[in-house]
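All heavy atoms count here, side chains included; hydrogens, waters and symmetry mates do not. Just so we're clear, the structure is a prediction, and the values are computed from it rather than from any experiment.
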Amino acid sequence: QMVIAAFDETLLLSLHERRLPAYNYTGALPITHFRHAPHLFHRMGYLKADCIRLVLETGRDVLVSDSDVVWVADPLPLLTELMQEGATVGASTDCLDLDSDRDKTE
């Protein structure tokens with residue numbers, strides 16, 4: 001089963017309508033772009049780590065790879081093998097605002 005963390009109410013309500021369980025992090029962060037505020041960006045990292053901890057406590061295994069991670073070998077064979085064994089593989093983004101993330105002058 002997939003694990004989803006909802007950081008905004010719109011997503012959380014949509015997940016509930018589909019009867020998909022989710023960790024509720026609504027209200028934990030502002031809904032606006034906040035990369036200019038290091039304490040909020042650090043809070044997002046903390047919340048991500050906290051969610052990973054909660055998932056680990058359920059007995060599941062977790063593999064996390066951020067965009068600034070360098071793999072020393074192609075990870076696709078490993079990920080393919082894990083999926084063939086029943087693992088769920090998903091992707092997410094911490095892109096809060098596409099235009100603001102493009103404009104690195106802010």
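When the options Val55, Asp50, Leu47 are evaluated for a side-chain contact (heavy atoms from CB on, under 4.5 Å) with Tyr23, the one that passes is Val55.
Side-chain heavy atoms closer than 4.5 Å link hydrophobic residues (I, L, V, M, F, W, Y) into clusters, and following such links, even through other members, never connects Leu63 to Ile52.
Residues Leu11 and Asp8 share a closest heavy-atom pair of N-OD1, 2.8 Å.
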Compile the donor-acceptor pairs under 3.5 Å between side chains in residues 77-85 and protein atoms, sequence neighbours left out, one pair per line.
unit_1	atom_1	unit_2	atom_2	d
Thr80	OG1	Leu76	O	2.8

Under 3.5 Å donor-acceptor pairs involving side-chain atoms of residues 12-21, not counting sequence neighbours:
unit_1	atom_1	unit_2	atom_2	d
Ser14	OG	Arg18	NH1	2.2
Arg18	NH1	Ser14	O	3.2

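Applying the side-chain hydrogen bond (donor to acceptor under 3.5 Å, both in side chains) test to Asn24 and every residue at least two apart in sequence or in another chain returns Thr26.
For Asp61, the CG atom counts as loosely surrounded, since its 6.0 Å shell holds 12 or fewer non-hydrogen atoms of other residues, nucleotides or ligands.
In this structure, Ile4 CD1 and Tyr25 OH are separated by 13.5 Å, a value rounded to the nearest 0.5 Å.
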